[in-house]
Trainee: 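Before I ask anything, let me first share the structure, which is written out below as structure tokens.
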Amino acid sequence: MSETYDFAAIESKWQSAWEESRAFEAVADPSRPKFYLLEMYPYPSGRIHMGHVRNYSIGDVISRQKRMAGAAVLHPIGWDALGMPAENAAIKHGTHPQTWTLDNVAHMRQQLKRLGISYDWDREVNTCLPDYYKWNQWIFLRMLERGLAYRKDSWVNWCAQCRTVLANEQVVGGGCWRCETPVTQKKMEQWFLKITDYAEELLSGHAELRKWPEHVLQMQKNWIGRSAGAHVQFALDGTSQTIEVFTTRIDTIYGATFLVVSAEHPIVPELVAGPKAKELGAWVDRTVAEMRRRRDVGETEKDGVDTGKKAVNPFTGERVPVWIANYVLMDYGTGAIMGVPAHDARDLDFAKSYGIPVRTVIAPPDRAGGRFDAEPAEVYEEPGVLVNSGPFDGLASDRAMEAMGKHAEDKGFGRRSTVFRLRDWGISRQRYWGTPIPVVYCDRCGVVGVPDADLPVELPFDVKLTGEEGSPLARHASFVETTCPKCQGPARRETDTMDTFVDSSWYFFRYCSPRETELPFRPEDAEAWLPVDLYIGGVEHAILHLIYARFFTKVLRDFGLTEVSEPFPHYLAQGMVTKDGSAMSKSRGNIVDPDEILERYGADALRLFILFASPPDKEFAWAEEGLEGCYRFLVRVWTIVHENLDLFAAGSASAGPAPARGPAVPIVRKTHQTIRKVTEDIGVRFHLNTAVSSIMELYNLAKKDRDELRSSPEGRAALRLALESIVRLLSPFAPHIAEELWEKTGHRGLLMQSPWPAYDAGLAREETVTVVVQVDGKVRDRFEAEADSPEAELEAAALARPKIRAALGGKTPRKVISVRNKLVSIVT
RNA sequence: GGGCAGAUGGCGGAAUUGGCAGACGCGCUAGGCUUAGGACCUAGUUCCUGAUGAAGGAGUGCGGGUUCGAGUCCCGCUCUGCCUACCA
């Protein structure tokens with residue numbers, strides 16, 4: 001009798017219906033609460049993968065539910081469309097990066113539509129198009145004007161064979177990915193953004209991010225790496241030079257038995273000068289090369305040379321040897337440290353290898369005043385009490401740091417200070433498929449920003465991409481040759497392009513005014529939608545993307561374009577998609593292609609399964625059997641609704657007031673409980689898996705009781721209510737089948753545009769509860785009691801139970817704990 | 001080395017505030033329906049003892065602790081995953 005569940009026909013039918021009625025359009029409406037739901041936009045690599053399906057399904061459930069619950073929802077999508085893979089594909093297949101990218105976008109857009117994700121496609125942005133990247137350039141120019149963008153020398157990976165710069169991921173085992181030539185380091189002038197100006201605020205802003213996962217905040221905190229300490233100058237003996245060190249433990253300075261400068265430190269040439277210059281110079285060259293090569297490989301053996309030079313400890317006047325070593329980083333602190341082997345494991349490691357003396361200056365607090373080992377074998381890194389430290393003896397570490405910092409300031413050889421691990425953001429990329437950095441170089445005027453009126457600086461289409469011979473733009477004469485906007489004389493364009501993280505640092509603003517032509521976005525649109533109410537995406541972007549986006553937001557705020565300081569007050573870090581115990585990836589060959597699943601089971605089943613199998617923030621393990629289970633559930637819902645279509649026939653009113661007695665009571669109660677649970681699970685807890693299971697429970701009860709229910713008018717009304725509720729509650733998860741059943745049951749208008757079901761707390765209330773009775777911690781009996789019965793009544797009832805009397809065996813309870821609606825616990 | 005997260009049946013997971021451990025789904029078992037089915041329906045399914053039942057005991061990685069009561073809180077471990085890594 002009932003027609004079969006033809007998901008393919010149903011899904012395309014409703015996708016068209018939604019599109020025709022513009023049901024996903026975001027319309028700001030001051031009379032309704034706004035809800036900006038954002039998922040991380042994808043890189044158009046060619047096909048949607050399961051990670052995307054998961055990310056976007058989670059977001060879609062929440063946005064659909066919010067929309068039904070009355071919010072004005074902004075749920076946009078776009079494409080992170082610039083970047084290296086397009087260029088690599090172009091080199092490999094001889095296509096143009098733009099062709100390749102736009103083809104991919106077209107395919108992936110169809111895939112997302114086929115999944116039924118409720119995006120406002122009118123707001124789609126594509127970062128590889130000039131009307132988007134123009135605004136990268138505009139923002140860059142404003143930063144340039146304020147000194148937030150600047151040039152400095154920096155190292156890049158260089159392949160001498162291909163004569164080109166390589167990105168880190170193009171360096172494979174220290175060699176070029178294409179020709180395996182060993183990669184060397186080359187110094188080039190590059191553009192940087194001054195994110196360090198915002199280091200303190202990026203850290204203090206965490207206070208507002210109460211709805212971020214703790215571990216993500218911790219990761220960002222480590223990345224920013226704030227350390228309070230002091231800068232101290234050591235005079236280089238026999239010269240007027242000083243070497244400045246940074247230390248977080250100035251209290252240990254009496255234990256400094258040597259000084260170490262990084263092999264990359266600018267003072268190195270001076271230090272190696274002298275009789276052994278040749279030998280030392282060679283060591284330095286070798287070490288620098290080694291350090292650069294090993295930069296991303298972990299810890300290496302500590303290696304160093306004694307320069308023979310001495311530095312003077314300003315606290316003690318003591319002359320200590322100056323070493324050059326491979327374990328001191330140039331780009332942290334000052335590139336020089338004081339070596340305190342007794343209280344720093346790395347320094348001790350180094351001192352032991354070279355026979356440098358070790359001197360204890362901090363005693364553990366519990367042994368202060370006692371004996372201490374002058375030449376300890378073990379490092380003591382904790383705070384303690386100063387010994388061997390002249391006038392500072394007896395002070396606790398924290399007090400000493402203050403006193404000694406102040407002493408250094410008073411004497412003028414140091415200062416208390418804070419350093420950050422965070423470094424300025426190098427955005428120059430020597431590649432084609434990126435946003436051209438909008439400056440020109442004029443021999444007369446120097447570095448000149450391109451005037452706003454000349455934006456965008458467009459990427460020339462006619463380029464040859466070979467992967468060799470430097471940047472493609474640098475070889476493109478008509479791009480490079482230009483005139484200076486200031487003096488009209490001949491000038492050269494900058495040929496570097498921007499890091500694609502620039503694009504993603506503000507795209508969520510662009511969604512608010514996607515077609516704006518005067519500004520990156522209209523402040524009033526940003527005001528209407530931002531901040532993003534919920535941001536969902538993989539934790540792999542927890543550091544870089546999320547810090548850069550927070551940085552850009554603060555910069556845009558300082559430009560006066562927005563009032564918002566934190567763009568994402570709520571971030572949901574979605575878990576990995578795995579199969580057979582490891583992450584789905586091409587290299588592991590355990591990919592499941594969403595297209596194939598859509599073909600066999602449809603979008604609703606796929607969405608339902610991916611949401612049901614685990615909570616959004618946990619790992620999700622793919623299992624085909626589980627998917628089949630969800631598919632079968634949809635078939636069962638389809639079937640039970642069809643078998644009871646007569647209940648929805650014209651004239652039969654919607655379920656009236658629930659009967660107070662009789663067989664309909666349990667299903668009515670369960671229905672209201674389910675509505676409550678699903679509403680909370682989606683809107684408050686984000687536990688979409690338990691929302692689905694509670695809908696299944698409601699189905700199971702309806703199924704079990706259906707024959708009995710159908711035998712009375714009250715029962716029929718209750719069954720109808722239950723079935724209708726299942727359809728409505730299911731609609732954010734499996735929207736197509738829900739629309740179809742909504743229509744089949746005689747409703748007019750789109751389900752997704754009808755109100756979210758409301759529950760009645762009174763009808764959801766259980767009349768009786770099961771009370772557990774424990775004797776000495778063991779459950780001995782349970783009984784039904786009226787809900788909210790007073791504790792004294794429960795206690796009396798429990799003590800009267802035959803099983804409990806047996807368990808007590810005549811003993812008198814010493815203590816009875818009674819908890820309303822829960823249990824009675826008897827202690828003898 | 002540092003940081004973080006996690007560990008619950010055969011599997012994915014549930015238990016929201018310290019109060020019935022194992023919801024829901026998968027898988028499996030038995031039965032029904034069927035020419036047949038990997039479809040559908042019914043019942044069962046943490047483990048152990050118990051012929052079945054009744055009943056009892058054990059049980060949330062390991063070892064302690066707090067509590068009338070611990071998957072949940074505290075202390076100490078083990079293992080797994082992720083991130084980070086000479087950051088002075």
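Here the structure is a predicted model, which means the values were calculated and not measured.
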Trainee: Could you list the residues that satisfy ring-ring contact (aromatic ring centres under 6.0 Å, His included) with His687(A), not counting sequence neighbours?
Mentor: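 Per chain and number, His687(A) pairs via ring-ring contact (aromatic ring centres under 6.0 Å, His included) with no residue.
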Trainee: Rounded to whole Å, please give me the gap between CD in Gln218(A) and C1' in C83(B).
Mentor: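 Rounded to whole Å, this separation is 11 Å.
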Trainee: Anything below 3.5 Å on both distances counts as a pair; with that, list the stems of at least three consecutive Watson-Crick or G-U pairs involving RNA chain B.
Mentor: B:1-7 with B:78-84, B:10-12 with B:24-26, B:27-32 with B:40-45, B:46-49 with B:55-58, B:61-65 with B:73-77
Trainee: How long is the line joining NZ of Lys618(A) and P of U8(B), in whole Å?
Mentor: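 It is 12 Å, rounded to the nearest whole Å.
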Trainee: Using a 4.0 Å heavy-atom cut-off, does Pro213(A) contact any base of the nucleic acid, only the sugar-phosphate backbone, or nothing at all?
Mentor: nothing
Trainee: Counting the atoms with a prime plus P, OP1 and OP2 as sugar-phosphate, which does Val328(A) contact under 4.0 Å by heavy atoms, base, sugar-phosphate, or nothing?
Mentor: base
Trainee: Within a radius of less than 6.0 Å around CZ of Arg805(A), do more than 12 heavy atoms belonging to other residues, nucleotides or ligands occur?
Mentor: no
Trainee: Who are the ring-ring contact (aromatic ring centres under 6.0 Å, His included) partners of Phe633(A), not counting sequence neighbours?
Mentor: Tyr699(A)
Trainee: Considering only the P atoms, how many Å lie between A54(B) and U78(B), rounded to the nearest integer?
Mentor: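 That atom pair is separated by 45 Å.
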Trainee: Measuring only the P atom in each nucleotide, how far is G76(B) from C86(B)? A whole number of Å is fine.
Mentor: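 Roughly 28 Å separates the two P atoms.
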Trainee: Report the distance from atom CD of Glu680(A) to atom P of U17(B), rounded to the nearest whole Å.
Mentor: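 The answer, rounded to whole Å, is 12 Å.
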Trainee: If the condition is ring-ring contact (aromatic ring centres under 6.0 Å, His included), which residues does Phe234(A) pass it with, not counting sequence neighbours?
Mentor: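 Per chain and number, Phe234(A) pairs via ring-ring contact (aromatic ring centres under 6.0 Å, His included) with no residue.
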Trainee: Who are the ring-ring contact (aromatic ring centres under 6.0 Å, His included) partners of Trp212(A), not counting sequence neighbours?
Mentor: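 Testing Trp212(A) for ring-ring contact (aromatic ring centres under 6.0 Å, His included), a comparison that skips the adjacent residues, returns Tyr571(A).
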Trainee: With a distance cut-off below 6.0 Å to the six-membered ring centre and an angular limit of 45° from the axis, does Lys302(A) pair with Phe350(A) as a cation-pi contact?
Mentor: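 Cation-pi check for Lys302(A) and Phe350(A): fails.
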Trainee: Pick base, sugar-phosphate or nothing for Asp347(A), based on heavy-atom distances below 4.0 Å to the nucleic acid.
Mentor: nothing
Trainee: Can you pull every protein N or O that's under 3.5 Å from an N or O on nucleotides 55-57 of chain B?
Mentor:
residue : atom : partner   : partner atom : Å
G57(B)  : OP1  : Arg780(A) : NH1          : 3.3
G57(B)  : OP1  : Arg780(A) : NH2          : 3.3

Trainee: Counting any heavy atom closer than 4.0 Å, what does Ala613(A) reach on the DNA or RNA strands: base, sugar-phosphate only, or nothing?
Mentor: sugar-phosphate
Trainee: Need one value for Gln774(A): base, sugar-phosphate or nothing, where a base atom within 4.0 Å counts as base even if backbone is also close, heavy atoms only.
Mentor: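 The residue Gln774(A) makes base contact.
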Trainee: Could you work out, with salt bridge (charged side-chain N to carboxylate O under 4.0 Å, His left out) as the rule, every residue matching Glu624(A), not counting sequence neighbours?
Mentor: Arg600(A)
Trainee: Any idea which of C83(B), A85(B), A88(B) is nearest the Met219(A) side chain?
Mentor: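 Of all the options, the side chain of Met219(A) is nearest to C83(B).
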Trainee: With rounding to whole Å, what would you report as the distance between G71(B) and A88(B) at their P atoms?
Mentor: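 One P to the other, the span is 42 Å.
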Trainee: Which whole-number value in Å describes the distance from Ile804(A) CD1 to C20(B) C1'?
Mentor: 13 Å
Trainee: Output yes when a side-chain donor or acceptor of Asp617(A) lies under 3.5 Å from a complementary backbone atom of Gly575(A), and no otherwise.
Mentor: no
Trainee: Starting the side chain at C-beta, find the nucleotide from A15(B), A85(B), A88(B) nearest to Tyr332(A).
Mentor: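 Selected nucleotide (nearest to the side chain): A88(B).
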Trainee: Taking only residues two or more places apart in sequence, or in another chain, which ones meet Arg416(A) in a salt bridge (charged side-chain N to carboxylate O under 4.0 Å, His left out)?
Mentor: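 Result, salt bridge (charged side-chain N to carboxylate O under 4.0 Å, His left out) vs Arg416(A): Glu409(A).
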Trainee: I'd like the C1' distance from U35(B) over to A43(B), given in whole Å.
Mentor: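 My reading of the C1' atoms in A43(B) and U35(B) gives 26 Å.
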Trainee: What is the distance, rounded to the nearest whole Å, between atom CD of Glu244(A) and atom P of A88(B)?
Mentor: 16 Å
Trainee: Hey, can you pull the donor-acceptor pairs under 3.5 Å for the side chains in residues 768-778 of chain A, sequence neighbours left out?
Mentor:
residue   : atom : partner   : partner atom : Å
Thr768(A) : OG1  : Glu784(A) : OE1          : 3.1
Thr770(A) : OG1  : Glu784(A) : OE2          : 2.7
Asp776(A) : OD1  : Thr828(A) : N            : 2.9
Asp776(A) : OD1  : Thr828(A) : OG1          : 3.4
Asp776(A) : OD2  : Thr828(A) : OG1          : 2.8

Trainee: Can you find a side-chain donor-acceptor pair between Gln220(A) and Arg550(A) that sits under 3.5 Å?
Mentor: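 Gln220(A) vs Arg550(A): donor-acceptor pair found between side chains.
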Trainee: Choosing from C20(B), G13(B), A88(B), which nucleotide comes nearest the side chain of Ser614(A)?
Mentor: G13(B)
Trainee: With heavy atoms under 4.0 Å as the rule, sort Glu540(A) into base, sugar-phosphate or nothing.
Mentor: nothing
Trainee: Hey, what are the protein-to-nucleotides 24-33 of chain B N/O distances that come in under 3.5 Å?
Mentor:
residue : atom : partner   : partner atom : Å
G25(B)  : OP1  : Asn700(A) : ND2          : 3.2
C26(B)  : OP1  : Arg632(A) : NH2          : 3.2
G27(B)  : OP2  : Arg632(A) : NH2          : 3.2

Trainee: Among residues at least two apart in sequence or on other chains, which ones pass salt bridge (charged side-chain N to carboxylate O under 4.0 Å, His left out) with Lys670(A)?
Mentor: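 So Lys670(A) forms a salt bridge (charged side-chain N to carboxylate O under 4.0 Å, His left out) with Glu697(A).
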Trainee: So does Lys302(A) reach the base of C86(B) with its side chain, donor to acceptor, closer than 3.5 Å?
Mentor: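 Yes.
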Trainee: When you look at CD of Glu402(A), are more than 12 heavy atoms from neighbouring residues, nucleotides or ligands closer to it than 6.0 Å?
Mentor: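 It does not: Glu402(A) CD has 12 such atoms or fewer within range.
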Trainee: Can you find an N or O donor on one side and an acceptor on the other, under 3.5 Å apart, linking the side chain of Lys677(A) with the base of U16(B)?
Mentor: yes
Trainee: Separation of Asp617(A) atom CG from C4(B) atom C1', in whole Å?
Mentor: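 About 14 Å, once rounded to whole Å.
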Trainee: Both Thr770(A) and Pro615(A) contact RNA chain B. Taking the nearest nucleotide for each, which residue is further toward the 5' end?
Mentor: Pro615(A)
Trainee: Residues in side-chain contact (heavy atoms from CB on, under 4.5 Å) with Phe7(A), at least two apart?
Mentor: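 Result, side-chain contact (heavy atoms from CB on, under 4.5 Å) vs Phe7(A): Tyr5(A), Glu11(A), Tyr631(A).
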Trainee: Using a 90° cut-off around 0 for syn, call G44(B) syn or anti.
Mentor: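 Base orientation relative to the sugar is anti.
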Trainee: Quick check: on RNA chain B, is the nucleotide nearest Thr690(A) upstream (toward 5') of the one nearest Ile826(A), or the reverse? Name the residue that is more 5'.
Mentor: Thr690(A)
Trainee: Report yes if a side-chain nitrogen or oxygen of Asn222(A) is closer than 4.0 Å to either non-bridging phosphate oxygen (OP1 or OP2) of G2(B); otherwise report no.
Mentor: no
